[in-house]
K.L.:
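Below is the structure I would like to discuss, written out as structure tokens.
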Amino acid sequence: MKFLRNLLDKVEPNFVGNGKYAKFYPLYEMVDTFLFTTADKTENGPYIRDAVDLKRVMSFVVLAMLPALFFGIFNVGRQVNPDAPIIDMFFSGLPVVLPIILVSYVVGGFWEMLFSVVRKHEINEGFLVTGILIPLVMPPTIPLWMVAIATSFGVVIGKEIFGGTGYNIFNPALVARAFIFFAYPGAISGDKVWTVNGVSQATPLLQAVSQQGSRAVELLGDKFTWWDMFYGFIPGSIGETSTLAILIGAIFLLITRIGNWRIMAGTLLGMVLTAKLANYFGEAVSSSNSMLSLPAEYHLVMGGFAFGLVFMATDPVSAAQTDRGRWIYGFLIGFMCVVIRAINPAYPEGMMMAILFANAFSPLIDYFVMKSHIKKRLKRFAA
Amino acid sequence: MNIHIRKGHDLKLVGVPAKSVQDINDSTFIKLHPSDFPGVKPKLLVKVGETLKKGQAVYNDKNNSEILFTSPNAGIVEDIYFGERRRIESITIRVDENAGEISFDQYALGKIYELDPTDVTDILCKSGLWPALRRRPFSKIAIPHMPPKAIFISTMSTAPFAADLEVVLDNIPQDNIQAGINVLQLLTTGSVNLLSPKKVVNSKLSELKNVQQHTYSGPHPSGNVGIHVSKIDPIKDKDDSIWYIAIQDVALIGSLFLTGKQNYRKIITVAGSSVSHRMHYSISRGTLISDILSKNKVEKDSRIISGDVLSGSISKLDNAIGYYHESLTVIPDEINREFLGWIGPGLSKYSLSYTFLSTLFPKIEKVLSTTMNGGKRAILPIGAIEKVMPLDILPTMLLKSIIAGDIETMEKLGIYECDPEDFALCSFTDASKMDISGIIQDGLNIAEVEG
């Protein structure tokens, strides 16, 4: 390691002050602090600092997504090579998924570096997370050029024009997905895109709306049992199918306190209450809408709900930033997800829209939380 | 009333001072630093070579000329050092105890009540003890003749390596504290409040009269005056003010009125992992850090902090310890750049996050150096700073309003209740490495001028 350190120290003069490549200092800084912990010292109090930094936080979010990623690769491989042993299934999935991840990281990383160099700030680790989120919310059949365009849109329009990580209003990965949804709807909806073996197969959500007048659970029938969907042996976006793998990630995020439990709990609560209400309402008016009859526990394991709840809704930047606001924000996501799923049969996957919608509302939620906080503060002096 | 807080953290660091006390006398030089007092514009009242009596004024504040800053010992002005833009950095005095001292009238303990508040203010200003009284908001020296709604006496800090209250009480007579309280009672229209840790039970405190006694418990910052004020008598707006003072200074005030003589001695701690004789020291104000540390082996590449490690100030051997500081902390200043440190298991790391294995062993004391442990980033509100913020404040919203320069919102969110020291743990634990204490100070500066 001494060798690497010496090499870095030797080239450093080129990147600072009047050095030849001073413009590219953010690049040097990235490599330098990626390999070795920072050399920066405290200048004002407190003179000691917590060992945690954004590199640690962001890489832990990526770690939390690994179970979902590995299962996703396996699930794709299962479609390519249905009769192979489990290990072979995994390796059959790799050639499909790996290129998508690579394109996302390379294209996104390019924009991230470009903006860092132009804006002269250090490269933010936020892209570590966005770069893996994007592939995980894509169908396995997505063309790579679409991934490249969507990633560019998500990073530049979704984040950089607002000032970069920390300043964005919407979750950049969801912006990327929404971009494909509106620009190339055929590539990300319908029943043709979710499997790589050429056989068209509806996702459970599509299956559940396939015949009006029936009950959703009956439509799912034996094709998709609850446990199948919980384990993830279903067609869907690469990372979203296994609720179990996502749950493992959720537990990791909660133990490390990186994922906000209030947002997760609020989202779950919003979904369960709204689903119950929909069940009751559908029953009461004898609606022919099959989605109104879908029980809450099915909402949980179908489509992108669990993935969105754990990895998207909890994005601290685009979420509400007050504790009470986080409950409201989460609740809104759960509520909107069920509402979109139930009353818009043409687009049964509601999670992406629900989160983007709540993203747009989170500053307003915080504003009202702040207002009521100020009111409460004033009361202290009234006595 | 007991003030118990849950949000906060007691830092467990190597270098806790022993309870023994050592006297530091016979200094050759002492120093005064006007920069100890934020907001004071010093105007010199002496010249180099002039002989000073103990307690004689050395400079005053241009904004408030009756507040005098006096020499804690008799001697000759050796040097006046000017820094950038002719700012007075230090005034060095060569100690000569034969030069005499300035004395005041003596009062019996029972007679102090009968004094006139104006005369009391006058005596305190002349004696150089007035600066020990500070006000909130803004944490600057109290303004004479503007009585606050309450006075708060703090006894023991909850920051790392704070001077032990039992040790401090052993070294001061109870009469001095009582006399000091009686003096303070004359200066406010409201109550004088004394805050002590719940775990310290001492008759020297419990038998005090004319004072509202409160206790506090829970992790740091439960000992911060800002927390006490917010729970007992919160600050409403810019013009609402309370004063606060440390118990050692209360005793010095008491001693001045009882004996008519000036005393500037106080107990401090020397602590931190880079120093060897960690214990309590009895020193005179103005004592040079090199004299305090003379028997110590200080590791090379260490940083000397006058005050505690969270909110003290960077100092050096030939400076004096800060006027308000009650500890001298020395920590390693050498940074070991670890290979791929961001992904290691982190058994030896100190963190309030739950992302290192060391979280499983929270009781182990650690050596922390001056490393930032990461690069500066934009706000990433994961809720970590809220966990160490016991004030009824929305910290993320307040920080944003300060950065945006939105004075109206920061006032509504309670900027006047805040002090940088209350936010020190927020700066400590923030993964984005923002200078949160500094932002709060900026907010206070803007609000003081334009609010």
Side-chain angles (χ1 to χ4, degrees), chain A residues 1 4-5 29 32-60 63 121-126 163-167 255-260 262 314 316-317 319 321-323 326 366 369-370 373-374 376-378 380-381, chain B residues 11 13 234 236 303 305 309-314 329 331 333 335 337-343 346 349-356 368-384 386 392 394 396-397 412-414 420 424-425 427-433 435 437-438:
Chain A
M1 294 323 113
L4 266 176
R5 184 67 258 154
E29 198 273 346
D32 184 52
T33 59
F34 173 83
L35 290 173
F36 295 92
T37 51
T38 176
D40 294 345
K41 290 178 180 179
T42 53
E43 282 159 14
N44 11 36
Y47 299 100
I48 52 176
R49 296 293 165 106
D50 199 309
V52 73
D53 67 348
L54 231 52
K55 280 191 179 55
R56 188 85 180 175
V57 172
M58 293 299 183
S59 51
F60 268 47
L63 283 182
H121 64 64
E122 295 183 3
I123 288 169
N124 195 300
E125 293 80 3
T165 306
Y167 302 98
I255 289 177
T256 54
R257 312 288 205 275
I258 290 173
N260 194 289
R262 289 180 180 88
T314 52
V317 176
Q321 306 183 349
T322 50
D323 281 347
R326 287 176 178 124
D366 280 336
V369 170
M370 203 168 89
H373 171 81
I374 290 170
K376 203 182 89 200
R377 287 184 56 79
L378 285 175
R380 294 196 306 165
F381 304 111
Chain B
L11 287 164
L13 306 175
K236 193 164 90 186
R303 182 177 292 183
I305 299 156
V309 74
L310 290 176
S311 44
S313 44
I314 298 178
T329 313
I331 56 170
D333 194 30
I335 289 170
R337 302 196 64 184
E338 285 167 52
F339 183 66
L340 294 180
W342 54 278
I343 200 64
K349 300 284 185 184
Y350 197 109
S351 178
L352 302 190
S353 73
Y354 289 74
T355 57
F356 296 91
L368 264 69
S369 73
T370 56
T371 172
M372 286 294 290
N373 280 323
K376 280 200 168 69
R377 297 290 184 268
I379 297 183
L380 190 83
I382 54 173
E386 281 81 356
D392 185 20
L394 295 175
T396 307
M397 297 292 128
K412 282 184 182 160
L413 288 173
L425 280 176
S427 312
F428 172 80
T429 194
D430 181 35
S432 302
K433 308 294 172 188
D435 180 14
S437 302

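Naming: A, B, ... by sequence-line order, numbering from 1 per chain. From a predicted model like this one, the values you see are computed outputs, not experimental measurements. These numbers come from the heavy atoms of this one structure, side chains and all, not from hydrogens, waters or symmetry mates.
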K.L.:
Could you look at B:I305 and say if it's the side chain, the backbone, both or neither that has a heavy atom under 4.5 Å from chain A?
P.N.:
side chain
K.L.:
B:S351 and A:D50: which non-hydrogen atoms are nearest, and at how many Å?
P.N.:
OG-OD1, 2.5 Å
K.L.:
Among the options A:N124, A:V317, A:V57, pick out the one with the most heavy-atom pairs lying under 4.5 Å from chain B.
P.N.:
A:N124
K.L.:
Can you measure from CG (A:L63) to CD1 (B:I343) and round to the nearest 0.5 angstrom?
P.N.:
5.0 Å
K.L.:
Do we see a donor-acceptor contact under 3.5 Å between the side chains of B:R303 and A:T42?
P.N.:
yes
K.L.:
Check each of B:I331, B:L310, B:D333, B:L368 against A:Y47 using the side chain to side chain contact (heavy atoms under 4.5 Å, CB included) test, and report the only one that passes.
P.N.:
B:I331
K.L.:
Rounded at 0.5 Å granularity, tell me how far CG in A:L35 sits from CZ in B:F339.
P.N.:
5.5 Å
K.L.:
Check whether any side-chain N or O of A:R257 sits under 3.5 Å from a backbone N or O of B:I382 as a donor-acceptor pair, and report yes or no.
P.N.:
no
K.L.:
Quick check: do B:S353 and A:T256 have side-chain heavy atoms less than 4.5 Å from each other?
P.N.:
no
K.L.:
Under 4.5 Å heavy-atom distance to chain B, tell me which part of A:R262 shows up: side chain, backbone, both or neither.
P.N.:
neither
K.L.:
Nearest 0.5 Å, what's the CZ-NZ distance between A:R380 and B:K236?
P.N.:
12.0 Å
K.L.:
Please classify the contact between A:D40 and chain B as side chain, backbone, both or neither, with a heavy-atom cut-off of under 4.5 Å.
P.N.:
both
K.L.:
Is A:T37 close to B:T371 at the side-chain level, that is, under 4.5 Å between some pair of heavy atoms?
P.N.:
no
K.L.:
Is there a side-chain contact between B:L13 and A:I48, using heavy atoms and a 4.5 Å cut-off?
P.N.:
yes
K.L.:
Report which part of A:I255 has an atom under 4.5 Å of a heavy atom belonging to chain B: side chain, backbone, both, or neither.
P.N.:
backbone
K.L.:
How many angstroms lie between CZ in A:R56 and NZ in B:K349, if you round to the nearest 0.5 Å?
P.N.:
8.0 Å
K.L.:
Check this for me: does any side-chain nitrogen of one of B:K433 and A:D53 sit under 4.0 Å from a carboxylate oxygen of the other?
P.N.:
no
K.L.:
Could you report the tightest heavy-atom contact between A:I374 and B:L413, atom names first, then the distance?
P.N.:
CG1-CD2, 4.0 Å
K.L.:
Could you report the tightest heavy-atom contact between A:P46 and B:A424, atom names first, then the distance?
P.N.:
CG-O, 3.4 Å
K.L.:
To the closest 0.5 Å, what do you measure between CZ (B:R337) and CG (A:L4)?
P.N.:
11.5 Å
K.L.:
Could you state the interatomic distance from OG1 (A:T165) to CZ (B:R377), rounded to the nearest 0.5 Å?
P.N.:
9.0 Å
